Amino acid sequence: MKHVFCVLSLLVCFCCCATSSSCTSRKSKIRVVSWNVQTFFDGVTDGTEYAQFKGASSRWTERKYRTRLERLSTALCTFDADIVVLEELEKQEQLYDIYNQLSGSFHVARNYTYGAFAKADGSAIGCGVLSRYPLTKATVHALDIGTERTPEPALRPLLEVGITCKTGQTERVLTLFVCHWKSKLGADSAVWRRWQERVLNERMTRAVHAGGAALCCGDYNQDIFEFDTADSCVLLAGRAPLAVYSPWLDDACFSDGSYWYKGEWERIDHFFAAGVFLTDFCADSAGSWADEAGRPIRYDLLSGEGYSDHLPIRCAVSFGDEY
């Protein structure tokens, strides 16, 4: 069976948005937000954008991008998370745009000094990370599968990055994984998400066996009950199943879902954790990005209104020192 993890033809970028010292938290919890921000293109046409965002007939403009940027940055300021993960960004430069937009919103030591971005070569969208903590060892992982009955579709890579977290006098490394799995469009989509699950299993298993802590977040395009589960854990498929904690399965979870589709909630945006504790989880509907019923207000290109068709998900991460 041909099963190759490769980094060829993948783009991974580190950026350092400022020269301020790294954030040292007096608290034992690290706040994380993950949000699919829905086709977040900038105002420059590069040719890889979705059709409705380019060409003479497009309603997309630099002004609309700036409005979306301001809107997103205001929401991120409200979250005040230590680590921000964004899916469906177009390019690395948008991390600088967000940083500049947020400049002055926080004390200089709490700015998002560090960032990383990755997407497949020629792809329209990728994933980005902004962090108050130093980032190290960014790598990307992709699939090359030639044994399925349908050709492999374009798949977004898995981004892996180390985060050096200092809480009080203790310094630890959290391995963060960011994913955006295959959508349910097209034939055999579940087959390809299963392959992406195996990649995640392998990488998280390595991090855990090395004695580290691991957190994966993103848009999996797969509801929590489409995974194999046991108690409050998801059993990630692979050479050997890996049990990872999911807050969606916890009795303390009161959120209905993160994605509203055809009149029903779906729980397709996830945090999976191993070696750390997750608390304060929610799909956040308490802002202008959600309507009165708590449903996400998707971005509308024609009117320029809205945010995203996903709600942001948030949690707090700790290493267990307070237990």
Side-chain angles (χ1 to χ4, degrees), residues 12-35 76 79-87 89 92 95-96 98-99 102 106-118 126-141 157-180 199-200 202-218 244-245 247 269-281 312-322:
V12 59
C13 303
F14 265 131
C15 61
C16 185
C17 299
T19 57
S20 62
S21 59
S22 62
C23 172
T24 299
S25 174
R26 296 179 182 274
K27 301 178 180 179
S28 58
K29 293 183 178 180
I30 300 160
R31 290 170 294 179
V32 182
V33 62
S34 176
W35 199 359
L76 296 181
F79 303 147
D80 192 20
D82 300 306
I83 299 168
V84 175
V85 176
L86 301 171
E87 300 90 53
L89 284 184
Q92 173 192 332
L95 297 180
Y96 290 100
I98 295 168
Y99 172 85
L102 287 173
F106 308 107
H107 185 277
V108 63
R110 293 183 62 76
N111 282 334
Y112 294 108
T113 307
Y114 304 93
F117 177 82
C127 297
V129 177
L130 287 168
S131 175
R132 290 171 172 161
Y133 298 95
L135 303 182
T136 59
K137 300 179 181 178
T139 55
V140 288
H141 311 281
L158 175 70
L159 171 62
E160 176 181 346
V161 62
I163 300 179
T164 304
C165 304
K166 191 173 183 181
T167 56
Q169 299 301 312
T170 304
E171 185 174 280
R172 292 189 174 93
V173 175
L174 173 69
T175 303
L176 179 72
F177 298 91
V178 181
C179 66
H180 187 185
V199 176
L200 180 59
E202 177 167 316
R203 298 310 305 174
M204 289 191 77
T205 296
R206 289 193 180 192
V208 171
H209 285 180
L215 175 69
C216 183
C217 51
V244 292
Y245 170 76
D269 302 282
H270 301 284
F271 290 117
F272 291 158
V276 288
F277 295 91
L278 297 191
T279 57
D280 306 329
F281 170 76
I313 59 172
R314 299 197 285 152
C315 72
V317 179
S318 65
F319 291 89
D321 301 84
E322 70 274 29

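All values reported here derive from a predicted model rather than from experimental measurement. If you read the sequence from its start, that first residue is 1, and numbering goes on from there.
The existence of a salt bridge linking D80 and R110 is confirmed by a sub-4.0 Å separation between a basic side-chain nitrogen and an acidic carboxylate oxygen.
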- prompt: When you look at Y114 and L130, which way does the side-chain contact (heavy atoms from CB on, under 4.5 Å) test go after all the steps?
  reply: CA-CA 6 Å; Y114 304 93; L130 287 168; over 6 Å; no

message: For L89 and F117: C-alpha separation, side-chain torsions, deciding distance, then whether side-chain contact (heavy atoms from CB on, under 4.5 Å) applies.
response: CA-CA 9 Å; L89 284 184; F117 177 82; 3.9 Å; yes

query: For V84 and V32, what are the C-alpha separation, side-chain angles and deciding distance, and is it a side-chain contact (heavy atoms from CB on, under 4.5 Å)?
result: CA-CA 6 Å; V84 175; V32 182; over 6 Å; no

task: Would you please test E202 and L200 for side-chain contact (heavy atoms from CB on, under 4.5 Å) and show each step?
output: CA-CA 5 Å; E202 177 167 316; L200 180 59; over 6 Å; no

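Shown here for G275 and A213, the closest heavy-atom pair between the two residues is O-CB, 3.7 Å. Nearest heavy atom pair, residue A273 against residue L215, reads CB-CD1, 4.2 Å. Nearest heavy-atom pair, P247 versus L278, reported as atom, atom and distance to 0.1 Å: CD-CD1, 4.2 Å. In terms of heavy-atom proximity, V173 sits nearest to G162 at CG1-CA, 4.4 Å. When all heavy atoms are compared, the tightest approach of C127 to V178 is CB-CG1, 3.6 Å. Nearest heavy atom pair, residue T136 against residue T164, reads CG2-OG1, 4.3 Å.
Rounding to the nearest 0.5 angstrom, the gap separating the CG atom in L174 from the OH atom in Y133 is 10.5 Å. The CG atom of L158 sits 6.5 Å away from atom CZ of F177, with the distance rounded to the nearest 0.5 Å. Rounding to the nearest 0.5 angstrom, the gap separating the NE2 atom in H180 from the OG atom in S34 is 10.0 Å. To the nearest 0.5 angstrom, L176 atom CG is 6.0 Å from I83 atom CD1. Expressed to the nearest 0.5 Å, how far CG of D280 lies from NZ of K29 amounts to 4.5 Å. Annotation: the span from F271 atom CZ to I313 atom CD1 amounts to 4.0 Å, rounded to 0.5 Å.
Side-chain contact check for Y112 versus S131: every heavy-atom pair is 4.5 Å or farther apart. C315 places none of its side-chain heavy atoms less than 4.5 Å from the side chain of R31. Annotation: side chain of Y245 is not in contact with side chain of F277 (no heavy-atom distance under 4.5 Å). Between V244 and M204 there is a side-chain heavy-atom pair separated by less than 4.5 Å. Put simply, the side chain of V33 does not reach to within 4.5 Å of the side chain of V85, judged on heavy atoms. Annotation: side chain of F319 is in contact with side chain of C165 (closest heavy-atom distance under 4.5 Å).
Cation-pi geometry between R132 and F106 is met: the NZ or CZ atom falls under 6.0 Å from the ring centre, inside 45° of the normal.
Of the residues listed (K137, R206, R203), the one engaging E160 in a side chain to side chain donor-acceptor pair (under 3.5 Å) is R203, and it is the only one.
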